[in-house]
Protein chains: 2
Amino acid sequence: MLDPSTASQFPSTRPTRNPLYIQVKQRILDAIRARRWKPGEMLPSEHQLAEEFSVSQGTLRKAIDELVTQNIIIRQQGKGSFIATHTADHSLFYFFHLVDAQNRRELPHSAVRRIRIRRGLSAECARLGLKAGSSLLDIKRVRDIGGAPVINETVLLSAATFGSLKDMSESLPNTLYKLYQEKYDTTVTSAAESLRAVGADEDDADALSIEVGTPILEIDRIAFNLDRQPIEIRISRCRTDRYHYLNMLE
Amino acid sequence: MLDPSTASQFPSTRPTRNPLYIQVKQRILDAIRARRWKPGEMLPSEHQLAEEFSVSQGTLRKAIDELVTQNIIIRQQGKGSFIATHTADHSLFYFFHLVDAQNRRELPHSAVRRIRIRRGLSAECARLGLKAGSSLLDIKRVRDIGGAPVINETVLLSAATFGSLKDMSESLPNTLYKLYQEKYDTTVTSAAESLRAVGADEDDADALSIEVGTPILEIDRIAFNLDRQPIEIRISRCRTDRYHYLNMLE
DNA sequence: ATCCATTTGTCCGTATGTATA
DNA sequence: TTATACATACGGACAAATGGA
């Protein structure tokens with residue numbers, strides 16, 4: 001929303017007074033978007049890329065520095081640089097903030113409750129950048145940690161893109177972002193989470209084994225792809241009696 | 001601390017040789033801790049500092065890069081580099097996450113409800129790194145946005161260090177971190193927030209004009225100084241009907 | 001177990017661009 | 001205009017990690 005970096009997204013109309021390393025970064029990003037390298041694949045060496053873009057290795061390095069801090073590229077000394085993949089660990093660390101009393105993270109297990117395709121409400125379509133009335137894939141699942149249900153979750157996706165997910169309703173994996181990346185060429189790189197305290201409704205009470213009205217934490221997340229376009233709405237309604245949401249500020 | 005003679009006793013397990021730019025960063029941090037420059041003050045130029053530490057400007061620049069990303073130093077092209085200060089804007093952006101429906105931040109006004117010195121509970125003292133039974137300064141205040149009460153807040157500090165704050169109970173400023181920095185040589189640079197949904201108790205109900213049991217968001221924050229020592233516990237119990245907690249993940 | 005090529009990481013010195021006062 | 005300070009860019013050198021021969 002208030003992201004200044006969206007201002008640098010104009011492809012070629014830009015007067016391009018940008019620093020060279022920013023231009024190189026954009027060219028690398030374009031190549032990633034064009035699937036020149038797939039997730040997990042190794043990039044050419046810094047020397048080769050510098051040669052290709054006709055810049056010094058220092059400039060190319062600075063370009064990649066930025067992509068590394070954005071978790072788009074992973075660098076490993078002695079091995080090479082790789083397009084980042086959505087491993088369970090990665091998703092857990094960057095996108096999952098519920099921890100136990102000892103601040104430990106544990107990936108919850110998921111069970112699908114219902115999955116269907118429906119017309120989106122106008123507000124939902126607007127948030128996903130879709131035309132009003134577009135059809136959405138609506139997944140409801142309950143996630144539990146250590147056997148106890150903790151999260152009552154709803155996931156909304158454009159059915160035009162992700163509709164075929166409905167066919168795997170039973171075998172839906174735990175880490176959806178990995179699936180988006182592998183099956184739909186969609187890499188989630190950033191997200192915005194809005195948190196509220198609300199009272200459990202009947203659906204929550206049923207899914208989480210609590211009483212109606214119990215205070216629960218609602219996490220409303222919107223996830224973005226490489227192009228900063230909204231991909232997914234995810235509403236997680238969480239018990240916070242044994243787990244809490246941890247946010248490090250630094 | 002990092003005595004090289006003792007460190008060399010562990011040749012293979014302990015990488016004794018930090019990169020030069022990390023060493024330089026630590027030396028600059030030490031100088032800041034020693035109050036060589038006060039908050040807001042300008043550092044010597046990169047050229048001068050490079051000379052002083054006998055490193056190249058590139059290496060010095062990389063050291064300062066790290067301090068800039070940690071919000072400890074602010075750089076301004078053409079002007080110089082400065083020790084970061086806790087302006088209201090800075091605190092607002094990094095430490096205040098309650099926003100309105102349009103995702104806009106607004107610094108709330110504060111009114112002190114009660115301020116006193118008491119013996120800390122063992123859990124509180126442990127979290128602040130104090131001996132059990134140490135005396136704490138306990139501040140209760142209500143914060144409102146646009147005239148409506150939104151946050152019922154409790155702040156806990158070591159009375160040994162911050163006890164004199166009690167004398168300004170009426171004139172306590174809105175942005176406490178700025179005060180810590182200016183009056184107590186304590187700069188808050190990082191924090192950890194734990195969020196839970198809870199039901200309002202009688203105190204919350206009274207402060208926030210809501211009914212007992214209304215779901216509210218509890219933010220339990222522990223704030224750290226430059227040395228990563230815990231300084232402050234802050235428990236904010238918030239209405240989230242008109243405002244919500246925004247967390248950007250990127 | 002050792003050597004060796006490859007790749008990223010660090011460091012240097014220099015030159016030039018750009019913002020500020 | 002001028003001086004100062006940070007920002008970008010270059011090219012070269014060596015260190016450290018990795019993995020295969």
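The chains referred to below are lettered A, B, ... by the order of the sequence lines, with proteins before strands, and numbering in each begins at 1.
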Is it true that A:Arg75 and A:Glu46 have a side-chain N and a carboxylate O under 4.0 angstrom from each other? yes

Sequence-distant partners of B:Glu51, salt bridge (Lys or Arg N to Asp or Glu O under 4.0 Å), two or more places apart: none

Measure the shortest side-chain to side-chain distance between A:His90 and A:Tyr177 over non-hydrogen atoms and say whether it is less than 4.5 angstrom. no

So that I can tick it off, tell me whether A:Arg228 and B:Glu250 are bridged by a salt bridge, with the cut-off set at under 4.0 angstrom between side-chain N and carboxylate O. yes

Which pairs, with at least one residue in residues 25-79 of chain B and sequence neighbours excluded, count as a ring-ring contact (aromatic ring centres under 6.0 Å, His included)? none

Look at the aromatic rings of A:His97 and A:Tyr245 and report parallel, tilted or perpendicular, splitting at 30° and 60°. parallel

Does OP1 or OP2 of D:dA5 have a side-chain N or O of B:Ser81 closer than 4.0 Å? no

To the closest 0.5 Å, what do you measure between OG1 (A:Thr161) and CG (A:Leu157)? 8.5 Å

Contact list for DNA chain D against residues 32-48 of chain B - heavy-atom distance below 4.0 Å: B:Ser45, B:Glu46

Treat primed atoms plus P, OP1 and OP2 as sugar-phosphate and everything else as base, then score nucleotides 11-21 of chain D 5' to 3': B for base contact with protein heavy atoms under 4.0 Å, S for sugar-phosphate contact only, - for none. S----BBBS--

How many whole angstroms separate atom CZ of B:Arg75 from atom P of C:dT20? 15 Å

Can you see whether B:Tyr243 engages B:Glu106 through a side-chain donor-acceptor pair at a distance of less than 3.5 angstrom? no

Between D:dC6 and B:Arg61, is there an OP1 or OP2 to side-chain N/O distance shorter than 4.0 Å? no

Using side-chain contact (heavy atoms from CB on, under 4.5 Å) as the criterion, list what pairs up with A:Thr189, not counting sequence neighbours. A:Ile72, A:Thr187, A:Leu226

Considering the terminal five base pairs at each end of the helix from C:dT2-D:dA21 to C:dA21-D:dT2, what angle separates the two local helix axes, rounded to 10°? 10°

A:Arg33 with A:Asp30: basic N within carboxylate O range, under 4.0 Å: yes

Could you tell me how far apart B:Ile74 (CD1) and D:dA7 (P) are, to the nearest whole angstrom? 12 Å

Without decimals, in angstroms, what is the distance between B:Leu20 CG and C:dC11 C1'? 8 Å

Nearest-Å distance, CZ (A:Phe53) to C1' (D:dC10)? 18 Å

Which of parallel (below 30°), tilted (30 to 60°) and perpendicular (above 60°) describes B:Phe95 and B:His86? tilted

d(CD, B:Glu51; P, D:dA5) in whole Å: 13 Å

Taking atom C1' of D:dT8 as reference, at what distance in whole Å does atom CG of A:Asp65 sit? 14 Å

Here the distance between atom P of C:dG9 and atom CD1 of A:Ile73, to the nearest Å, is 11 Å

Using only side-chain N and O atoms of B:Thr59, determine if any of them is under 4.0 Å from OP1 or OP2 of C:dT10. no

Using atom CG of A:Asn18 as one end and atom C1' of D:dT8 as the other, report the distance to the nearest whole Å. 12 Å

